[in-house]
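Working notes, structure below.
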Amino acid sequence: RLVNSMAGTSGLTEAFRKPDFNVAAFVRDATGQGQDRVVRLSQQLEDTAGSLDQELQREIVVCHEELLQNASNINDLDGQLGDVREVVEALKASVARMRGDVIRPFHNVKRRTQLLSRMQAVNVLVRKLSRFLFDARKLRAQMEAEDSKKEYSKAAHTLHELESVLQESKLESIDALRLEVIWIRETGMRVRRQADEDLRNGLRQNNQLALSGALQTFFNLQCLWPQLEKVLVEFHDEFAQAALHTGPSFQQALEINLQLLMAHTHRIFTLDELIRTKTDPVTHRSFSNVLEAEGVESLMSYFWAKATATLRVKIAKVAQDRAARRTVLADLPRVLQAFSEAMDRAALTGRSQSFLSTTDRDALFAVVADLRDEFLAESIRRVTDPVEMMLPNKLLASVSASGGDRSSPSGSAGEGSIASELPTLHDLRRYAQLLAAELERCESCPELLLREAVRSVRSSILFFATRLEQLVDSSSLGVCCFENEISLQLRSPLPTPTAGHARNAQLFGLAHHMQVVLKEVMPARFQTVVVTQQVQSTLQQIQATIIQPLLGVIRRAVLASLARMETDLQGNRDDASGSLIATKTVNAHLARYYLSSFGAGQLLPYLKGVSIFIVRAFLSAASLVKPCNGPARAALAQDMSTIESILSTLIDDFQSCIRHEAGLLRDFKQMLFLPSLEAVDFESLTNTIPLHLLLTYLVHQLPSHVPTLPVFCNMATQSYLENILLQLWDEKLEATAAFKAKLAELSDKYNLDPTESAVIAFIMAQTA
């Protein structure tokens, strides 16, 4: 303090010594800094004056001799000291005046302000006390009403105001209010207990009135979310404490857990829906806003997330044991069915719709997502392993890229061993039964298991077909019976089947039997989803890959022989054309040595197709013959007999299998030997003979100056036969219209007159 005083004194001294020192400015600055500053400055001035006196005395003593020598300057010094003394006295007077004018009034104002503050506090306390007593009487009146007229929600509003006052001001310390405060606190406990009881009874009995009153009470007490959270925690704890046993009682325990979960969820859903619709009549604030302020969008979502997480933990705990996990996986369809049934019951419980949304359902099924994935992986293994057992990788590895045996030449004992390792019909039937059993195992859960199981079964069948295709001996698919297919010069001797062909025939039978077995064994309810167009076309593609090269030999031979028909018809003949005889020989050889390797009835659809092609090709070629005179008709009749012989070689009873085409042969032969075309009813002929075939035949019966259609179109006979006439059998509108347009062009070019003959009239009428 002494140091501070000395520092202040030195500062004042230096200020006084400045030439531009202004007393008025110094006093103004000093008084503007508050009472404390003025007091300290006054003290410093006194200290400065005292220290100046002491310093003068010390200087006088020190400079006594010099002063005596300079005695002449004493008067000047005394005058200067007198000036300083006057300044100090003026400063002291100013400070004293400042004390009287500022500090004393300030103290008075401060004292009165404190008094006013105390009066205001007393006033507020009196008002609070008055309001407290008023609310206390109001609460007592509300609580003393009859039970039928007692409204706890209004009492809760009053109670909350009283409790707020008690929390803000310590009225318990007032002796006169002590008993009243105790009663208010007891009433608060009573109101909360009653509201809690109403809430639980309302949830248990689905009493909307009780729930509404309890919610309003908690809202007025501003403890809505804590009370609701308490109820949710109790529901969750009750569900968490429900045991989930392992072993045989697992399914029953799971159903009990799900029933408890759905019961609690339904109650919470009812409560949540009521909260969404309620709004406080006083503040007009919705109850759901209270939950949103706490970060809770809905009670339902809040509880469901915790409950499903708890159920996941329960099931995971059960699945920790390997034996129990295997049991759960084996019964997973029943487990998922229990889940689905529980949610279906939830849908029936809801008034207009299920109280579980799609997201909630997904969250529940996600509880067993790991087990479901493991079950589906096991399901895939169950439907895939049989394929790998019937057609193992070892068997595929023993087949070369061209289809032969890698370790043995074609036709050796190695081929026989490969064929013997192929699955039997019994294996295929057993395989189909396993597929059906897998689908039936998953049938109880269409959405969660059956859909994936169906996909796995289809993939398994396609996997089987892919492995079958890998075993096909591509080197034995075709057969070369001619030295030159154009001239139809037969090889001598004709080729005989190899062991690879026998294997291909066996693979063809497997693909055929696979389709048959699937239709026989697979339950009708699974037929459309398992035996799909993709599955059928894949199996049929394997058969077509094997059989079409053989049938292609017959098709090409027939086309080549028909291309030579015009040449073969020239001159007199006692038998069928040599080209058709060669084709017949090849057909008989293939039927005897190659087609016979296939199972009975397996080739019928393909043989019907090639037989229909032969009939259509022959009739189309016969309609192009010009001139069609008596010898030509006789030769065509012989060729028809050869064609029928070829057909009977392929299909014994071809008249019934391809009844329409057999009838066409018969009707065309009758038309060939009609005595005159002028008297024929061509309209009636169109009922039995296709229009394009009839028109082609009639055009080639026109006078000799009218060319044949191949010549008119500037095409070779075989090219016209393949690209025009055979395409017309499909009865496509575009092809038929183009054909008729060409006939109309021919009629115009050669000035055909419909009045000349009935044939020309019919042709022009059909092409107009």
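Looking at heavy atoms from C-beta onward, Leu422 lies in side-chain contact with Leu391 at the 4.5 angstrom threshold. Counting heavy atoms from C-beta on, the side chains of Glu440 and Pro523 come closer than 4.5 Å. Looking at Leu261 and Leu364, their side chains come closer than 4.5 Å, going by heavy atoms from C-beta outward. Contact of the Leu449 side chain with the Pro333 side chain is registered, since non-hydrogen atoms from C-beta on lie closer than 4.5 Å. Contact annotation: the side chain of Gln208 approaches that of Asn206 to within less than 4.5 Å [non-hydrogen atoms, C-beta and beyond]. In this structure, Thr217 and Val191 have side chains that are in contact, with non-hydrogen atoms separated by less than 4.5 Å. With contacts defined as side-chain heavy-atom distances shorter than 4.5 Å, the pair Ile461/Val530 qualifies. Residues Cys442 and Phe375 have side chains in contact (heavy-atom distance under 4.5 Å, counting atoms from C-beta outward).
Under a 3.5 Å cut-off, the side chain of Asn257 and the backbone N or O of Ala253 do form a donor-acceptor pair. Without hydrogens or angle criteria, Ser537 side chain to Gln533 main chain gives a donor-acceptor distance under 3.5 Å. Under the 3.5 Å distance criterion, the side-chain polar atoms of Asp198 are left unmatched by any main-chain donor or acceptor of Ala210. Not a single donor-acceptor pair under 3.5 Å links the side chain of Lys314 to the backbone N or O of Leu254. Using a distance-only test at 3.5 Å, with no hydrogens or angles considered, a donor-acceptor pair links the side chain of Arg312 to the main chain of Ala366. Counting only distance, with no hydrogens or angles, the side chain of Gln602 and the backbone of Phe508 share no donor-acceptor pair below 3.5 Å. Asn504 contributes a side-chain N or O that, together with a main-chain N or O of Asp473, makes up a donor-acceptor pair within less than 3.5 Å. With Ser301 contributing its side chain and Ser298 its backbone, the two residues share no donor-acceptor pair below 3.5 Å. Remark: the backbone N or O of Leu471 is paired with a side-chain donor or acceptor of Arg503 at under 3.5 angstrom. In this structure a side-chain-to-backbone donor-acceptor pair under 3.5 Å is present from Thr308 to Ala305.
No hydrogens or angles considered: nothing links the side chains of Thr279 and His284 as a donor-acceptor pair under 3.5 Å. A donor-acceptor contact closer than 3.5 angstrom is absent between the side chains of Gln543 and Gln548. Gln259 and Glu255 are not linked by any side-chain donor-acceptor pair at a separation below 3.5 angstrom, with hydrogens and angles left out of the test.
Between Asp196 and Arg200 there is a salt bridge, since a side-chain N of the basic residue sits under 4.0 Å from a carboxylate O of the acidic one. A salt bridge is absent between Lys394 and Glu421: the closest approach of a Lys/Arg side-chain nitrogen to an acidic carboxylate oxygen does not fall below 4.0 angstrom. Ion pair Glu447/Arg451 flagged as a salt bridge, since at least one NZ, NE, NH1 or NH2 atom sits closer than 4.0 Å to an Asp/Glu carboxylate oxygen. A salt bridge does not link Arg326 to Glu378: none of the charged side-chain nitrogens sits closer than 4.0 Å to a carboxylate oxygen.
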Side chains of residues 453-460: which donor-acceptor partners sit under 3.5 Å, not counting sequence neighbours?
from   : atom 1 : to     : atom 2 : distance (Å)
Arg455 : NH1    : Glu452 : OE1    : 2.9
Arg455 : NH1    : Glu452 : OE2    : 3.0
Ser456 : OG     : Glu452 : O      : 2.9
Arg458 : NH1    : Val529 : O      : 2.7
Ser459 : OG     : Arg455 : O      : 2.8
Ser460 : OG     : Val383 : O      : 2.5
Ser460 : OG     : Tyr431 : OH     : 2.6

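With sequence neighbours left out, the side-chain hydrogen bond (donor to acceptor under 3.5 Å, both in side chains) criterion links Ser379 to Glu438. By the side-chain hydrogen bond (donor to acceptor under 3.5 Å, both in side chains) test, Asp427 pairs with Thr424, sequence neighbours left out.
Remark: Lys278 NZ is packed, more than 12 non-hydrogen atoms of other residues, nucleotides or ligands lying under 6.0 Å away. Within a 6.0 Å radius of CD in Gln534, no more than 12 heavy atoms belonging to other residues, nucleotides or ligands are found. Atom CD of Gln527 has more than 12 neighbouring heavy atoms from other residues, nucleotides or ligands inside a 6.0 Å radius. With a 6.0 Å radius and a threshold of 12 heavy atoms from other residues, nucleotides or ligands, Gln433 has its CD atom above the threshold.
To the nearest 0.5 Å, atoms CG (Asn201) and CG (Leu211) are separated by 9.5 Å. The distance from the CZ atom of Arg429 to the NE2 atom of His426 is 10.0 Å, given to the nearest 0.5 Å. Put simply, NE2 on His236 and CD on Glu229 are 12.5 Å apart, with the number rounded to the nearest 0.5 Å. Taken from CG in Leu199 to NZ in Lys230, the straight-line distance is 10.0 Å, to the nearest 0.5 Å. In this structure, CZ in Arg345 is found 11.5 Å from CG in Leu356, a value given to the nearest 0.5 Å. If you take CZ on Arg276 and CG on Leu291, they are separated by 9.0 Å, rounding to the nearest 0.5 Å.
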(message) Between Leu425 and Val517, is the side chain to side chain contact (heavy atoms under 4.5 Å, CB included) condition met? List the steps.
(response) CA-CA 9 Å; Leu425 179 59; Val517 167; 3.9 Å; yes
(request) Decide yes or no on side chain to side chain donor-acceptor pair (under 3.5 Å) for Asp360 and Ser357, but give the supporting numbers first. (result) CA-CA 5 Å; Asp360 297 333; Ser357 64; 3.1 Å; yes
(message) Assess the residue pair Asp280 and Asn220 against the criterion (side chain to side chain contact (heavy atoms under 4.5 Å, CB included)); give the C-alpha distance rounded to whole Å, side-chain angles, the decisive distance to 0.1 Å, and a yes or no.
(response) CA-CA 9 Å; Asp280 181 53; Asn220 291 339; 3.8 Å; yes
(request) Show your reasoning for whether side chain to side chain contact (heavy atoms under 4.5 Å, CB included) applies to Arg467 and Met390. (result) CA-CA 10 Å; Arg467 293 212 161 189; Met390 291 188 295; over 6 Å; no
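You'll find the ring centres of Tyr302 and Trp225 inside the 6.0 Å limit. Residues Phe287 and Phe218 keep their aromatic ring centres 6.0 Å or farther apart.
With Leu299 as reference, Leu228 is the one residue of Leu228, Thr270, Val231 to meet the side chain to side chain contact (heavy atoms under 4.5 Å, CB included) rule.
In this structure, Phe303 and His264 have perpendicular ring planes: the angle between them is above 60°, well past the 30° mark.
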